[in-house]
Amino acid sequence: MEACKGLLLVLVLMVMQGRESEGQLAENFYSFTCPNVEFIVKQAVSTKLSQTPITIPATLRLFFHDCFVEGCDASVMIASANGDAEKDSTDNLSLAGDGFDTVIKAKQAVEALCPGVVSCADILALAARDCVVLAGGTAFSVELGRRDGLVSQASRVAGNLPEPNFNLDQLNTMLFALRSLFRPLYNFSSNSPVDPSLDPGYAKQLMGACPINADPVVNLDPETPDTFDNAYYRNLPTVIDFANNPGNFNGAFITAMRKLGRVGFKTGDQGEIRKDCTTFNS
């Protein structure tokens with residue numbers, strides 16, 4: 001659930017900053033053309049989750065990476081034989097394959113009943129919501145009507161995803177516990193191998209969990225890493241409100257997720273409804 005918890009702090013910034021597209025999305029967008037789309041997607045996500053718990057953080061993280069590069073248009077889903085698509089960028093190489101597979105399986109299920117109607121971008125948005133709910137989070141409505149983007153280039157990713165040295169004002173995307181971000185544990189400076197601003201006990205714990213040749217992802221919340229809750233924030237003195245008020249935590253997360261879903265979405269001839277989420281129609 002680290003993608004859920006680390007994600008919230010940066011998502012809340014979106015509530016304040018209002019980074020979203022102009023235009024129209026609607027919760028009932030597929031009422032006539034594919035009325036069962038939400039049920040179909042949820043069933044596909046549930047099936048995938050029964051196979052691997054990585055489904056939840058992988059899908060949420062995929063949604064965030066997609067929206068902040070080109071907007072919420074499933075451009076991150078495109079596979080390129082030349083290795084130059086958005087997913088091939090250095091910043092996206094750590095995206096878990098289970099997130100992609102979740103969307104692909106959900107798209108296949110939707111296409112079987114509503115061919116050529118529902119975009120991969122909308123399926124990804126629905127799947128991200130379903131992951132939150134299936135992990136024990138609060139349910140919320142998803143605005144729909146996005147079209148799939150026509151551009152996916154690795155060269156356009158840089159600068160749109162977080163860097164290790166970002167301050168609070170620079171955080172426009174979620175926080176990850178990746179090995180590359182733990183460099184301050186080993187070579188912070190010539191005088192101090194460990195960042196002196198880190199709590200020594202926590203730094204020692206991180207070094208134990210993330211040695212140089214370790215798996216690139218570790219838990220930000222060692223207490224309840226597989227549960228959608230506010231435990232991560234109870235350990236951070238700067239977010240007392242979220243720690244003391246689960247209702248505020250859930251409310252802020254829902255508001256931010258809905259705002260996230262409006263970032264750079266495409267409508268009309270700005271995009272297409274892909275038959276296969278991994279390739280453009282033409």
Side-chain angles (χ1 to χ4, degrees), residues 1-20 25-31 36-50 52-68 72 98-99 102-103 106 121-146 171 173-176 219-221 223-236 238-263 265:
M1 300 311 102
E2 301 312 318
C4 312
K5 298 168 186 175
L7 172 62
L8 179 58
L9 181 58
V10 244
L11 283 180
V12 170
L13 297 179
M14 295 182 61
V15 178
M16 300 180 289
Q17 295 169 357
R19 179 180 174 181
E20 57 190 72
L25 295 176
E27 294 172 11
N28 62 348
F29 188 83
Y30 297 107
S31 292
N36 294 323
V37 61
E38 296 202 33
F39 175 77
I40 299 169
V41 173
K42 185 175 182 179
Q43 287 295 104
V45 175
S46 297
T47 299
K48 180 66 179 178
L49 179 58
S50 70
T52 171
I54 300 302
T55 296
I56 292 173
T59 306
L60 277 172
R61 191 174 171 214
L62 185 66
F63 181 52
F64 205 89
H65 275 237
D66 179 53
C67 290
F68 269 74
C72 302
D98 289 296
T102 298
V103 179
D122 277 347
I123 289 174
L124 175 52
L126 287 169
R129 184 276 308 277
D130 292 338
C131 283
V132 171
V133 176
L134 290 169
T138 302
F140 58 95
S141 299
V142 176
E143 296 172 318
L144 302 168
R146 304 166 188 79
L171 286 174
T173 188
M174 70 176 174
L175 308 176
F176 308 121
N219 290 325
L220 289 173
D221 167 27
E223 295 180 9
T224 56
D226 295 320
T227 303
F228 187 93
D229 58 21
N230 65 336
Y232 171 73
Y233 291 94
R234 291 200 297 269
N235 297 322
L236 297 179
T238 58
V239 285
I240 296 174
D241 181 51
F242 287 140
N244 293 333
N245 298 283
N248 290 354
F249 167 86
N250 287 321
F253 187 85
I254 290 170
T255 299
M257 283 289 282
R258 285 171 63 87
K259 278 185 172 285
L260 173 61
R262 299 171 192 149
V263 173
F265 67 85

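Nothing fancy with the numbering, it's 1 onward along the sequence.
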May I have all residue pairs that pass salt bridge (charged side-chain N to carboxylate O under 4.0 Å, His left out) and include part of residues 127-142, sequence neighbours excluded?
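Qualifying pairs: Glu38-Arg129.
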
Working for side-chain contact (heavy atoms from CB on, under 4.5 Å), residues Arg146 and Leu144:
CA-CA 6 Å; Arg146 304 166 188 79; Leu144 302 168; 4.0 Å; yes

Short N-O contact, Glu143 and Lys259, less than 4.0 angstrom:
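The answer is no: the pair does not qualify as a salt bridge.
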
Would you say that Arg262 contacts Cys67 through its side chain, given a criterion of any heavy-atom pair below 4.5 Å between the two side chains?
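The answer is no; the side chains never approach within 4.5 Å.
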
Quick check: closest heavy atoms across [X] and [Y], and the distance to 0.1 Å?
X	Y	answer
Val133	Thr138	CG2-O, 4.1 Å
Leu260	Cys72	O-SG, 3.1 Å
Phe63	Gly261	CZ-CA, 3.9 Å
Val142	Ala125	CG1-CB, 4.0 Å
Val41	Ala127	CG1-N, 3.9 Å
Ala243	Asn230	O-ND2, 3.2 Å

Under 3.5 Å donor-acceptor, [X] side chain and [Y] backbone:
X	Y	result
Asp66	Leu62	no
Thr227	Asp229	no
Ser50	Thr47	yes
Ser31	Asn28	yes

Checking side-chain contact (heavy atoms from CB on, under 4.5 Å) for the pair Asp98/Thr59: CA distance, chi angles, key distance, verdict?
CA-CA 7 Å; Asp98 289 296; Thr59 306; over 6 Å; no

Hey, could you give me the [atom1]/[atom2] distance between [X] and [Y], rounded to the nearest 0.5 Å?
X	Y	atom1	atom2	answer
Arg258	Phe253	CZ	CZ	13.0 Å
Phe29	Asp122	CZ	CG	7.0 Å
Ile123	Thr102	CD1	OG1	12.0 Å
Lys48	Ile54	NZ	CD1	10.0 Å

Is a side-chain donor-acceptor pair under 3.5 Å present for Asn36 with Tyr30?
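No, no side-chain donor-acceptor contact under 3.5 Å.
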
I'd like to know whether the aromatic ring centres of Phe249 and Phe228 sit less than 6.0 Å apart in this structure.
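They qualify: ring centres under 6.0 Å apart.
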
For Asn244, which residues count as a side chain to side chain contact (heavy atoms under 4.5 Å, CB included) partner, sequence neighbours excluded?
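For Asn244 the side chain to side chain contact (heavy atoms under 4.5 Å, CB included) partners, ignoring immediate neighbours, are Ile240.
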
